[in-house]
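Written below as structure tokens is the structure these notes are about.
Chain letters run A, B, ... following the sequence lines, proteins first and then strands; every chain starts at 1.
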Amino acid sequence: MRNLIAFIRKYSFFFLFLAVEVLAFYLLFRNNHFQRSSFLNYTNEVTGGFYTKYSNFKDYVHLAEVNEALSEENKRLRGRQIQSFERLFGENIYVRDTIFRRKYLYTKAKVLNNSITHQNNYLTLSVGTKNGIERGMGVIGPNGVVGVIKNVSDHYASVVSVLHREAKISVKLKTSQYFGSMQWNGVNYRNTQLIDIPNHVELLKGDTVVTSGYSSIFPEGLSTAVIQSVKVVEGENFYDIEMELLSDFKQLSYVYIVKSNSLIELQEIEANREGQDD
Amino acid sequence: MIKKIFTYPLHFVIFVLIQSLVLNNIQLWGTANPYLYILFILWLPIETNKALVIGIAFLLGLSIDLFTDTVGMHASASVFLAFVRPYVLNALAPRDGYEINIPPTSSGLGWFWFLRYAAIGVFLHHFFLFFVEVFRFSEFFDTMGRILTSTAFSLVLIALAQIFNSNVEEK
């Protein structure tokens with residue numbers, strides 16, 4: 001301690017200089033925009049580099065969960081492959097299948113950027129117009145709806161997440177087929193809200209909510225959320241329904257973009273119908 | 001002695017006014033800015049308390065800053081000059097040290113001594129000031145050029161001020 005005091009006394013002039021200089025720089029940063037922003041830019045660069053390293057590390061640590069989700073999905077898709085179906089008719093019976101037409105095409109994409117903490121969240125995907133991606137296409141993840149493509153550049157696409165206060169997704173109850181809209185209230189990224197379900201519908205906690213397919217952006221029947229709590233609001237005709245999202249947006253890594261073959265046709269005919277009403 | 005107590009505050013005000021109202025509006029070749037006000041720090045008596053010089057330099061720089069709206073910039077550079085001044089004085093000391101009550105001016109220690117003293121002081125001050133102003137080292141040589149032209153410009157003005165002051169003192 002005595003040594004320390006002796007040290008400070010010996011260099012007291014230098015410490016005084018340092019103290020006054022710190023005061024001067026404090027004033028400088030407080031009052032001068034340019035120097036402050038330079039200083040902040042520099043610190044941003046440092047923290048930005050740190051964040052990149054951290055995110056790389058996080059990606060690595062989460063590999064197990066990503067693999068799990070992917071293999072789960074593979075399992076489901078394998079179940080839908082032609083090899084998993086048995087031929088019903090004898091070999092001498094020829095069935096020409098003209099009933100089915102391909103309605104949806106999928107493109108896979110890596111999530112480059114994702115936010116869940118804002119009121120209006122967006123994702124950035126590693127595909128763009130060069131991959132045939134267009135504005136308005138749906139984006140789904142391993143566990144349901146993720147969002148809708150908003151802007152597309154040559155190689156990237158930005159997605160309005162389900163966790164966006166303006167994003168409305170048409171959904172229905174898997175069991176009773178009543179339809180409503182899924183819209184996020186901006187509070188918790190694991191939960192979303194179901195609106196426009198009338199009071200007389202019987203609801204149970206744990207009911208699955210699936211995509212309705214009405215908008216043709218998403219295929220019908222895609223499980224997206226589970227009802228968590230139902231509240232009847234006095235004097236309202238519709239329930240207040242809290243749902244838990246099946247997909248954890250915090251760990252989305254790979255998503256699929258849905259290209260609908262009938263979307264334009266549907267939109268055209270629906271626009272026509274509205275025109276004739278007038 | 002009484003005279004000194006009055007002359008220094010008066011000098012302080014005069015230097016601040018000349019710097020802010022006249023010299024800050026002069027820019028040679030678009031880049032060189034003369035800073036005469038630091039002559040006040042250079043002229044302080046050699047035996048002045050070092051800590052006091054730092055305090056005075058801070059106030060002086062801050063006064064200039066208030067006029068140019070760059071609070072902290074000139075203050076930090078002036079404080080730096082006040083910090084290095086004792087070392088510069090030491091380095092330039094005559095073999096048998098400074099005599100008591102000799103002012104660090106041309107009339108006290110001669111033109112050769114004074115110009116070396118002023119050149120080192122001005123350069124260090126300008127070096128610090130200009131780098132704080134641009135706040136990056138990426139255009140090092142551009143900044144260096146500005147520092148050198150401004151140093152030359154300031155030195156000419158300081159020499160003129162010294163001549164003017166010696167004449168006043170003689171009368």
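- Between B:F83 and A:F17, the ring planes are parallel. Angles under 30° get that label, and only those over 60° would be called perpendicular.
- For A:Q119, the CD atom sits in a packed shell: over 12 heavy atoms of surrounding residues, nucleotides or ligands are nearer than 6.0 Å.
- For A:K108, the NZ atom sits in a loose shell: 12 or fewer heavy atoms of surrounding residues, nucleotides or ligands are nearer than 6.0 Å.
- Within 6.0 Å of CZ in B:F15 there are more than 12 heavy atoms belonging to other residues, nucleotides or ligands.
- Annotation for B:F58 and A:L23: closest pair CZ-CD2, 3.4 Å, computed over non-hydrogen atoms.
- Within a 6.0 Å radius of CZ in B:F131, more than 12 heavy atoms belonging to other residues, nucleotides or ligands are found.
- For the options B:V71, B:V79, B:V132, heavy-atom pairs under 4.5 Å to chain A are most numerous at B:V71.
- Looking at B:A57, there are no atoms closer than 4.5 Å to chain A (heavy atoms on both sides), in backbone or side chain.
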Considering distance alone, list the donor-acceptor pairs between chain A and chain B shorter than 3.5 Å.
unit_1: A:N32; atom_1: ND2; unit_2: B:V71; atom_2: O; d: 2.9
unit_1: A:Q35; atom_1: NE2; unit_2: B:V132; atom_2: O; d: 2.8
unit_1: A:Q35; atom_1: NE2; unit_2: B:E133; atom_2: O; d: 3.2

